[in-house]
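To start, I am sharing the structure in question, which I have written as structure tokens.
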Amino acid sequence: MKDPIGFLSFPEGATCPDNSCSFNKAPSNGHYHCGHPRCHFSVGDVHKLSLHLRDFHSNVDILDGYEYFDKSHADCQRGNCEFNGSTSHFHCLRDGFIFSRYSSMSAHETDCHETKSINGTSSDEDEKPWSGNPKFFFLMFKKN
């Protein structure tokens, strides 16, 4: 069940569909999952949910093509991952790059995945802000 603050809650006895969730391995009094895309954070204490939202998601944007795994409650299920179960970490879904520091994500994205146009500039710089995003146009010119 989706909570209004962006988390999924699983009461005691409810089936959790996330195979990477450590709460599937042991009985619990219920638990919660972060509802943000590509974030594998789960916790049994409702108060820790607000801390995760405030301390993590207000500072970290998990880019498309990456996943975040919390150290204590998410098994990334990758046999070659040195961080699995011991350190909170990220995976690049495009090339398998694994890292624990958030700052490594933007550096990796720039170095390995940023597409270049013919003139050598980033293709994102060549686009208008509303290009490919009709919602942006609507929000800018919406009548009150």
Side-chain angles (χ1 to χ4, degrees), residues 1-140:
M1 148 190 274
K2 185 106 170 173
D3 285 339
I5 57 171
F7 289 88
L8 302 170
S9 63
F10 297 93
E12 183 177 3
T15 303
C16 176
D18 185 354
N19 293 333
S20 71
C21 178
S22 65
F23 289 100
N24 283 336
K25 298 174 182 139
S28 73
N29 294 330
H31 68 284
Y32 307 88
H33 284 259
C34 178
H36 284 257
R38 301 169 303 280
C39 181
H40 299 278
F41 175 84
S42 58
V43 66
D45 180 358
V46 70
H47 299 291
K48 290 182 182 178
L49 292 176
S50 61
L51 294 176
H52 173 72
L53 183 60
R54 185 191 73 206
D55 297 340
F56 185 78
H57 287 294
S58 63
N59 297 306
V60 173
D61 181 25
I62 305 168
L63 301 176
D64 287 339
Y66 295 88
E67 284 183 305
Y68 169 76
F69 293 89
D70 180 66
K71 70 178 175 182
S72 57
H73 295 290
D75 176 1
C76 67
Q77 301 181 346
R78 291 171 176 89
N80 64 340
C81 180
E82 64 186 287
F83 298 121
N84 193 23
S86 63
T87 303
S88 296
H89 63 285
F90 299 85
H91 285 267
C92 176
L93 301 175
R94 292 169 281 187
D95 63 14
F97 181 65
I98 305 165
F99 53 98
S100 60
R101 292 181 39 204
Y102 170 67
S103 61
S104 298
M105 186 183 315
S106 59
H108 179 72
E109 185 68 18
T110 300
D111 293 345
C112 299
H113 301 297
E114 194 171 84
T115 56
K116 302 287 182 183
S117 66
I118 294 172
N119 66 6
T121 62
S122 170
S123 60
D124 292 340
E125 293 171 5
D126 297 335
E127 290 185 15
K128 304 288 186 242
W130 56 84
S131 176
N133 189 352
K135 190 173 186 179
F136 177 86
F137 182 80
F138 174 77
L139 291 174
M140 293 297 294

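Just so it is clear, the model here is predicted, and its values are computed rather than measured.
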Check: Hey, are the side chains of C39 and H57 touching, using non-hydrogen atoms and a 4.5 Å cut-off?
Finding: yes

Which residues pass the salt bridge (Lys or Arg N to Asp or Glu O under 4.0 Å) test with D64, sequence neighbours left out?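 For D64, the residues satisfying salt bridge (Lys or Arg N to Asp or Glu O under 4.0 Å) (neighbours in sequence not counted) are R38.
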
Q.
Once rounded to the nearest 0.5 Å, what's the spacing between atom OG of S104 and atom CZ of F97?
A.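 Going from OG on S104 over to CZ on F97, the span is 5.5 Å.
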
key: Residue pair Q77 / H40, side-chain heavy-atom distance below 4.5 Å   = no

Margin query: In the structure I gave you, are the side-chain heavy atoms of M105 and D61 within less than 4.5 Å of one another anywhere?
Written below: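 Contact flag for M105/D61 side chains = no.
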
Tightest non-hydrogen contact, residues D95 and C112, listed as OD2-CB, 4.3 Å

TODO: Test D70 against H89 for side chain to side chain donor-acceptor pair (under 3.5 Å), laying out the working first.
DONE: CA-CA 7 Å; D70 180 66; H89 63 285; over 6 Å; no

Handout entry: Mutual orientation of the aromatic rings belonging to Y66 and H108 [parallel < 30°, tilted 30-60°, perpendicular > 60°]
Key = perpendicular

* Asked: Hey, is the main chain of S106 close enough, under 3.5 Å, to the side chain of T110 for a donor-acceptor pair?
  -> yes

Interatomic distance, CD1@I98 vs CG@N80, rounded to 0.5 Å, equals 5.0 Å

- Answer yes or no: is there a side-chain heavy-atom contact under 4.5 Å between E109 and L63? yes

task = Would you give the length of the straight line joining atom CD of E82 to atom OG of S100, rounded to the nearest 0.5 angstrom?
result =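 It is 8.0 Å, given to the nearest 0.5 Å.
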
Closest non-hydrogen atoms of K71 and T87, given as atom of the first, atom of the second and distance, are CB-C, 3.3 Å

- Message: Once you measure the plane-to-plane angle for F69 and H91, does it fall in the parallel (<30°), tilted (30-60°) or perpendicular (>60°) bin?
- Response: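 F69 and H91: perpendicular rings.
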
Let's go through F41 and L53 carefully: what are the C-alpha distance in whole Å and the side-chain angles of both, what is the deciding distance for side-chain contact (heavy atoms from CB on, under 4.5 Å) to 0.1 Å, and is it a yes or a no? CA-CA 10 Å; F41 175 84; L53 183 60; over 6 Å; no

*Mind listing the closest non-hydrogen atom pair of C21 and S42 along with its distance?*
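So the two residues come closest at SG-OG, 3.9 Å.
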
Practice problem: Assess whether side-chain contact (heavy atoms from CB on, under 4.5 Å) is satisfied between I62 and H36, documenting all intermediate values. | Solution: CA-CA 9 Å; I62 305 168; H36 284 257; 5.8 Å; no

Could you tell me whether the side chain of F10 reaches within less than 4.5 Å of the side chain of P17, counting heavy atoms only?
yes

Do Y68 and F56 make the cut of ring centroids closer than 6.0 angstrom?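 Yes, they do, as the ring centres are separated by less than 6.0 Å.
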
Geometric class of the H31/F23 ring pair [parallel <30°, tilted 30-60°, perpendicular >60°]: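 Ring orientation of F23 relative to H31: parallel.
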
- By side chain to side chain contact (heavy atoms under 4.5 Å, CB included), which residues pair with R54, not counting sequence neighbours?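 Applying side chain to side chain contact (heavy atoms under 4.5 Å, CB included) to R54 gives L51.
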
Below 4.5 Å, heavy atoms only, C-beta onward: do C92 and H113 meet side chain to side chain?
yes

To the nearest 0.5 Å, atom NE2 of H47 lies from atom OH of Y32 at 9.0 Å

